[in-house]
Amino acid sequence: MTAQPPPPLGLVDPVVHWRINALDLDAYLRRVGHQGSTAPDGTTLRNLHQAHIAAIAFENLDVMLGRGVEVDLPRVQDKLVHAGRGGYCYEHGVLFGAVLQRLGYRVDRLLARTGDPAEQPRPRSHLVLRVDDGDRVWLADVGFGSGLLEPLPLVEGDPQRQGAWEYQLRRGADGAWRLQERIIDAWTTLLTFTEEPQYPVDVEVANHNTATSPHSPFTQQCVVVRKNDTAIRRLIGRVYSEERPGATTSTRSLTNQEYGAVLGEEFGLALSPPEIRALVATLSPPGGDCPTAPDLELRPPAGDRDA
């Protein structure tokens, strides 16, 4: 694993700015279970993207534990790779971007808005990656929770199916890209973004707002998500749900005793008993109102969308 990154794009040197030499590439590949080729091509990108989604959950639990979230690569790596934890978009994107650059891809970090600003303007609160393998440019996004399973070619083209889900990319009248998902018979815009590269300071500022603002849904309740080819599993507060396209979303409220087991068994999160007790202490009483999924990065369950 001695591949070196390509020359920097513009003024953003991946070694200086993103500290990619701090990455333990072998440990990451073990963490996501990738044993295939690491040649910087489309096939490797697709395989790594799928493996990352399958292995590392989306979660905001450090915010709820009062620790906050750091987005420099060494601390992200300690948490997501070595400690068996998950994270939210900035953590996933910082880690995955470093992996791809170490393998030889050209990578830009981009900040996206959720939804369509023509309908409801939102801040640039989500991190995605523009990845160039030398033959094709891709949109990669391993940190949305309920979004892409695989990268998409960054072109307007035919819709692409990923398991039970279907996506497409479209340019808006403003020139920005829209990532859209087919929901029943209509296309819903999940993200809007441009191709302006970001610096670490841009990610730090966006992360600070997401991790500390009283208006951020991620400072209000526990949010944990995993997605595969057929289902999305969510834990929002103490409410656990499973969503499958074309089926009724199953939902139940967990007891205090069930909470830690579900975090470990359903989401693969390594948490200590004191951490689990601290998280349970943040939950609303059992049998209270079921919270809705936050809309900054996670689209709500199908039942809520259709209501």
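- With contacts defined as side-chain heavy-atom distances shorter than 4.5 Å, the pair His215/Asn209 does not qualify.
- Between Glu156 and Arg171 there is no salt bridge, since no side-chain N of the basic residue sits under 4.0 Å from a carboxylate O of the acidic one.
- With salt bridges taken as basic N to acidic carboxylate O contacts below 4.0 Å, one links Glu258 and Arg252.
- Of all heavy-atom pairs spanning Ala55 and Val32, the tightest one is CB-CA, 3.7 Å.
- Side-chain polar atoms of Tyr28 and His52 form a donor-acceptor pair below 3.5 angstrom.
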For this session: Any chance you could lay out the side chain to side chain contact (heavy atoms under 4.5 Å, CB included) test for Leu191 and Leu139, step after step, and finish with the verdict?
Result: CA-CA 11 Å; Leu191 299 172; Leu139 170 68; 5.7 Å; no
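- Asp41 and Thr44 form a side-chain donor-acceptor contact under 3.5 Å, judged by distance and modelled atom types alone.
- Contact detail for Ala98 and Leu73: the closest heavy-atom pair is CB-CD2, 3.7 Å.
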For this session: Please assess Tyr167 against Gln160 for the test side chain to side chain contact (heavy atoms under 4.5 Å, CB included), listing each intermediate value before the final yes or no.
Result: CA-CA 5 Å; Tyr167 298 97; Gln160 294 200 16; 5.6 Å; no
Exercise. Does the pair Thr282 and Leu65 meet the rule for a side chain to side chain contact (heavy atoms under 4.5 Å, CB included), with working shown?
Worked result: CA-CA 9 Å; Thr282 72; Leu65 288 168; over 6 Å; no
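- By the 6.0 Å contact criterion, NE2 on His208 is open, its count of non-hydrogen atoms from other residues, nucleotides or ligands being 12 or less.
- In this structure, Arg136 places its CZ atom where only 12 or fewer heavy-atom neighbours from other residues, nucleotides or ligands lie under 6.0 Å away.
- For the 3.5 Å distance criterion, the side chains of Thr210 and Tyr88 fail to qualify, holding no donor opposite an acceptor.
- Side-chain contact between Asp62 and Lys79: present, with at least one pair of heavy atoms (C-beta onward) separated by less than 4.5 Å.
- Ion pairing between a basic and an acidic side chain is recognised when a charged N comes within 4.0 Å of a carboxylate O; Arg161 and Glu166 show such pairing.
- Side-chain contact between Leu154 and Glu195: present, with at least one pair of heavy atoms (C-beta onward) separated by less than 4.5 Å.
- Of the candidates Glu181, Gln180, Arg178, Gln180 is the only one forming a side chain to side chain donor-acceptor pair (under 3.5 Å) with Thr189.
- Ala176 approaches Thr194 most closely through the heavy-atom pair CB-CG2, 4.0 Å.
- Between the side chain of Gln168 and the backbone N or O of Asp158, no donor-acceptor pair lies under 3.5 Å.
- Looking at His82 and Asp24, their side chains come closer than 4.5 Å, going by heavy atoms from C-beta outward.
- A donor-acceptor contact shorter than 3.5 Å links the side chain of Arg233 to the backbone of Glu266.
- Side-chain atoms of Leu179 and Val128, non-hydrogen and from C-beta on, never get closer than 4.5 Å to each other.
- The side-chain heavy atoms of Trp165 and Ile232, taken from C-beta on, include a pair separated by under 4.5 Å.
- Each of Leu148 and Trp187 belongs to its own hydrophobic cluster when Ile, Leu, Val, Met, Phe, Trp and Tyr are linked at side-chain heavy-atom distances under 4.5 angstrom.
- Considering Arg85, Glu91, His92, Glu70 as possible partners of Val76, the one that fulfils the side chain to side chain contact (heavy atoms under 4.5 Å, CB included) test is Glu91.
- Under the 4.5 Å side-chain criterion, counting only non-hydrogen atoms from C-beta, Val99 is not in contact with Tyr105.
- Between Leu80 and Arg31, the closest side-chain pair of non-hydrogen atoms is not below 4.5 Å.
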Exercise. Does the salt bridge (Lys or Arg N to Asp or Glu O under 4.0 Å) test come out yes or no for Arg67 and Glu275, once each step is laid out?
Worked result: CA-CA 11 Å; Arg67 298 170 179 164; Glu275 289 173 323; 2.6 Å; yes
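- Residue Leu283 comes nearest to Cys222 through the heavy atom pair CD2-SG, 4.4 Å, listed as atom of the first residue, atom of the second, then distance.
- Although no hydrogens or angles enter the test, the distance criterion places no donor-acceptor pair under 3.5 Å between the side chain of Tyr259 and the main chain of Arg277.
- At distances below 3.5 Å, not a single donor-acceptor pair connects side-chain atoms of Arg130 with backbone N or O atoms of Asp108.
- Between His49 and Phe96, the ring planes are perpendicular. Angles over 60° get that label, and only those under 30° would be called parallel.
- A perpendicular orientation is assigned to the rings of His126 and Phe144, their planes being inclined by more than 60° (bins at 30° and 60°).
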Exercise. What do the steps show when you test Trp138 against Glu150 for side chain to side chain contact (heavy atoms under 4.5 Å, CB included), and what is the final call?
Worked result: CA-CA 10 Å; Trp138 304 83; Glu150 303 175 8; over 6 Å; no
